[in-house]
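What you are looking at is a predicted structure, and each value in this text was computed from that prediction instead of being measured. So you know, we letter chains A, B, ... as the sequences are listed, proteins then strands, and number each from 1. Values reported hereafter were calculated over all heavy atoms of this structure, with side chains retained and with hydrogens, waters and symmetry mates removed.
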Amino acid sequence: MEHCILQVALDTPLDRLFDYRWPLPAPGPVTGDTVEACAAPMPQLGQLVLLPFGRQQMMGLIVGISDHTDVPEAKLKDGLELRSQLPPLSAQWIALCRFAADYYQRPLGEVALPALPRNLRAGKATSLDRNLKKLAKLSPALDANPNPEPPLNAAQQEAVDAISGTASGNAGFAAHLLYGVTGSGKTEVYLQAAARILAQSEQAQVLILVPEINLTPQLETNIRKRFSGIQIATLHSGMAEGERLQHWLAAHLGQARIILGTRLAILASLPYLKMIVIDEEHDPSYKQQEGLRYSARDLAVWRAHQLGIPVVLGSATPSLESWQHAKVGRYRKLELRERAVKDAVLPVVKIINLEHEKPAEGLTARLIASIRLRLEKGEQSLLFLNRRGYAPVIACDACGWISDCTRCTAHLVMHKLDRKLRCHHCGYEQRIPHHCPTCGNIDLQPLGRGTQRMEEGLKLIFPEARVFRIDADSTRFKGSAEAAFDTVHRGEVDILIGTQMVAKGHDFKNLTLVGALNPDSALFSQDYRASERLFAQLMQVAGRAGRAAQKQGGNISEVLIQTRYPDHPLYHALMAHDYDRFANDLLEERQQASMPPFIYQALLRAEAKDLQTALDFLHLAVNCIAHAGITIHDPIPMTMTRVANVERAQLLVESVSRPALQAFLKVWIATLRGLKSRVKWGVEIDPVDISSHPSNSFSPRPYRLLMVALASSFMLSSCGGGADDLIKRLGEVTSCGGKDCKDSSSLRPDEIRANYLISQNAGSVKVEASFSLSTNSATLVSLNGKDKLSASIGSQSSSLNDIDGSGTKYVANLADASPQASVSVSFNRGSEAFVSSVSMPKQFAIVSPSEQIALGRSAGSLYVQLDVASDAAISASTKMLCQRADTSVFEATTALKSVYEPSAAGGAVYRIDTLELDQALNDASRALNSANPNLSLVRSCDLELIWTLSQSGQSASALSKNSSISAQRSASHLLQYDARK
DNA sequence: TGGACAAATGCG
DNA sequence: GCATTTGTCCAT
Ligand SMILES: [Zn+2]
Ligand SMILES: [Zn+2]
């Protein structure tokens with residue numbers, strides 16, 4: 001029997017495809033009977049196939065079909081079952097997965113297969129067959145009287161026209177940033193633009209993404225009421241498996257034409273997709289925070305681009321990334337200035353200064369009075385406190401014991417109702433102790449206030465009022481959140497207390513007061529995105545009060561914010577309803593400090609039983625790779641170092657060039673895989689939370705000093721003025737060599753990050769030094785006045801000089817004294833000297849190849865033997881002078897992946913894969929010509945392969961802890977590479 | 001000498 | 001990632 005070879009992607013960490021045999025129908029004339037009997041189905045690209053894999057069965061995705069394979073006959077296995085009843089996944093869907101896999105640096109199979117419903121990947125096809133049958137019978141419900149389209153105001157109409165085009169036909173790719181406050185009618189723009197798109201073709205599908213918490217049955221019902229006769233599918237993580245398969249299939253088959261879902265819906269199969277909407281695009285829940293850490297927003301924009309269709313990003317407080325894209329014209333900004341709801345006005349935002357008005361039970365007298373006014377008129381009040389439980393921690397007054405989780409770097413939170421102490425990070429819980437576990441004291445005090453405690457206090461202050469709490473604890477069960485919101489809607493609640501859950505999605509018609517009880521903590525977070533999140537949250541919660549038009553004789557809608565920092569610019573922007581200014585100011589800070597979106601980031605995380613193992617792995621990771629053009633920050637423990645008895649550390653990698661970062665990560669990840677470390681590690685692209693310095697104090701420092709704490713530390717020491725002064729100072733950063741630069745004389749030694757690199761070249765030793773801020777390596781530091789540098793080996797010493805006058809790089813040359821000399825670099829300030837030192841790595845030679853060689857791509861491997869110890873920190877890089885197939889020529893330098901190969905020959909043998917080499921050369925080629933998608937491939941190169949042995953030393957303790965000193969010795973050899981051979 | 005456990009192996 | 005094999009330690 002004839003066979004074909006299926007190339008299959010599988011959900012495994014192994015980054016390659018797998019080949020399987022599949023029997024083909026017998027060729028030639030077949031009689032009617034035998035066709036049915038013996039013809040195996042003909043496999044197609046995009047089909048799913050059940051396979052034996054290792055000792056398990058797995059579902060695979062066919063991404064290639066061939067008539068031959070390089071896999072030896074003995075290893076080849078046969079496919080088991082083809083899911084031919086399921087129409088194949090489209091090439092475009094596979095391309096989307098391939099892009100995501102590439103971008104987030106994961107194997108294709110780890111992206112594509114988990115994107116499919118679990119029941120599709122099951123060994124049995126029963127659920128699939130059942131749901132296919134069910135769907136065949138299903139036809140969309142026709143509503144006798146669907147809700148009509150309400151009229152649009154001018155700005156809304158303009159937005160709908162811009163998004164969906166006025167004429168029929170394909171609107172083409174365009175990204176629209178739909179910017180408008182709550183109540184400005186964004187939803188109506190989505191719906192009417194969707195209606196137009198759906199009317200343009202019989203099959204057209206529209207995908208609407210909403211944040212996790214906003215996907216309520218209420219929203220679904222509203223859409224259903226509007227679009228009579230159109231099938232709607234929903235996709236979110238809370239669905240039962242069978243239900244999910246049914247909705248996924250409805251989308252895949254094109255039956256469902258509106259798909260409403262959370263972030264995971266972006267990876268659904270949508271063969272007729274014609275428009276994507278992302279509601280509340282700034283919402284952090286669009287970023288997956290485990291497994292494949294993708295951003296549904298970013299993938300949505302790519303998918304729209306791929307298909308040439310419009311994508312709408314809607315928000316009252318757009319993410320800074322989208323804001324910047326709109327600024328430079330990559331996105332088109334559509335602004336809704338008026339409120340579309342009749343007679344609605346923006347709520348008045350007022351600040352209550354906690355320094356002047358001391359709160360009782362967390363409530364100031366003014367807030368209590370305002371609530372009372374609402375009670376008198378029969379209106380509702382909403383109190384916002386982003387902290388669930390009774391108290392965030394309990395403590396013993398006598399001995400200082402506090403309720404810490406033994407498994408995490410976190411407090412146990414007191415929950416009064418079930419009399420438990422609970423860790424919100426690992427789920428550990430215990431009974432509230434009656435007495436102090438260390439000294440026996442009976443008097444344990446709850447510290448701070450959560451929603452439960454507020455609820456208790458409110459009931460005491462307003463015994464006549466109906467107080468109601470909504471948070472993750474009160475809505476733990478399926479449907480209970482809906483029931484709770486219904487209670488509020490029915491007017492059975494006077495005072496609602498809740499966490500961020502109440503900020504989103506629900507509009508309360510009778511609500512005229514919103515109180516933010518204690519929002520300040522987010523102002524001092526180590527996470528630099530905390531303030532934009534706080535603004536978005538307060539804006540959203542404020543929107544709850546603005547929905548209702550003022551009633552005859554009723555109260556105006558008010559938002560009261562209790563704060564100890566009434567002058568904080570965030571609150572001022574909020575009072576003025578001025579997100580434009582707030583966003584522009586933040587963007588400027590980010591640009592000055594070289595933070596996203598002006599720099600691209602990736603995070604390497606490691607976790608292990610003890611912190612040192614994780615940190616050691618990260619240090620090893622830094623040392624095993626050359627990294628020109630990439631900034632690698634020092635390994636540090638994560639803010640929450642321990643979670644469930646696992647210690648975690650991380651390493652930030654940055655570059656101003658996305659292609660350079662991606663190319664570097666590719667080589668790095670392959671190298672790290674080769675280390676075969678048992679430390680669990682992973683790389684995250686575009687991380688949202690890179691906060692990492694464990695907070696050393698609970699007492700918030702004044703905001704002026706902290707507002708841009710991450711941006712640069714020089715302001716921490718010298719800034720005394722207000723916020724405006726601070727922003728001006730940011731502008732004063734001097735420019736040297738076209739980069740941010742700062743004078744060393746204004747800095748303490750520990751604010752200066754010294755990076756020393758000592759390299760050995762043909763008998764001389766070169767010492768290079770550069771400096772940057774401890775907190776931000778993008779801001780360079782130049783030496784001035786009393787600061788001087790010198791270096792010494794044995795008895796010889798030399799001062800380091802600013803060679804090119806840029807003030808950013810200092811160099812000295814010394815003769816090589818002894819084979820393993822110790823090199824010291826001294827940072828001299830007045831009479832003080834801060835000395836860092838490192839010992840030079842031993843001289844080594846390239847044992848083989850001993851002369852220049854020729855290497856073809858088909859050779860498979862290049863083996864290089866070095867006379868170094870087997871555990872030496874060796875990294876490879878290459879200089880290249882290459883010609884492409886179209887005869888164009890370029891020069892570049894890049895890191896290479898090399899794998900240590902245990903060998904009996906003595907010394908150490910390293911292997912370079914020629915296919916990976918070819919890829920690295922083409923990556924370098926493309927990095928130089930990123931604008932050209934059809935760039936010719938590299939044909940031949942003259943390469944100088946450089947092998948570098950690194951040794952890191954001890955930095956002076958007075959300098960920044962982020963300082964480094966490292967010594968390198970290199971040896972190189974030449975080779976001629978030909979991709980055609 | 002076996003049994004518990006950690007480490008290494010290979011997946012087509 | 002996972003099932004399975006191989007290696008290591010140690011008590012009997
Ligand atoms: Zn005590
Ligand atoms: Zn815990």
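- Applying a 4.0 Å cut-off to non-hydrogen atoms, none of the residues of residues 108-124 of chain A approaches DNA chain B.
- Residues A/L615 and A/E647 are not in side-chain contact: their nearest non-hydrogen atoms beyond the backbone lie 4.5 Å or more apart.
- The aromatic rings of A/Y910 and A/W947 sit tilted relative to each other, their planes meeting at an angle between 30° and 60°.
- In this structure, A/R21 reaches neither bases nor backbone, as no heavy-atom distance under 4.0 Å exists between it and the strands shown.
- Protein chain A contacts DNA chain B from B/dA8 to B/dG12, reading 5' to 3' and using non-hydrogen atoms of the protein with a distance under 4.0 Å.
- Within 4.0 Å of A/P72, counting heavy atoms only, lies no atom of the nucleic acid at all.
- A salt bridge links A/R980 and A/D978; the closest N-O separation between the charged side-chain nitrogens and carboxylate oxygens is under 4.0 Å.
- One interatomic measurement links the two molecules: CG of A/L14 to P of C/dA3, which rounds to 15 Å at whole-angstrom precision.
- Salt bridge present: A/R293 and A/E684 bring a charged side-chain N and a carboxylate O closer than 4.0 Å.
- Taking atom CE of residue A/M58 and atom P of nucleotide C/dC2, one finds them 8 Å apart after rounding to whole Å.
- Rounded to whole Å, atom P of C/dG1 lies 10 Å from atom CH2 of A/W681.
- Classification of A/D610 and A/R642 as a salt-bridged pair fails, no side-chain N sitting under 4.0 Å from a carboxylate O.
- Heavy atoms of A/F53 sit under 4.0 angstrom from at least one base atom.
- Here A/E81 pairs with A/R83 in a salt bridge; the nearest charged N to carboxylate O distance falls below 4.0 Å.
- A/R605 is not listed as a side-chain neighbour of A/R648, based on a closest heavy-atom distance of 4.5 Å or more.
- Scanning both residues, A/L50 and A/M59, for their nearest heavy atoms gives N-SD, 3.7 Å.
- Using a 4.0 Å heavy-atom cutoff across all strands shown, A/K75 reaches at least one base atom of the nucleic acid.
- You'll find the side chain of A/D11 reaches within 4.5 Å of the side chain of A/R121, heavy atoms only.
- Put simply, CG on A/L10 is 16 Å from C1' on C/dA3, counting in whole angstrom units.
- Both A/R55 and A/K680 lie near DNA chain C, and the one whose nearest nucleotide falls closer to the 5' end is A/K680.
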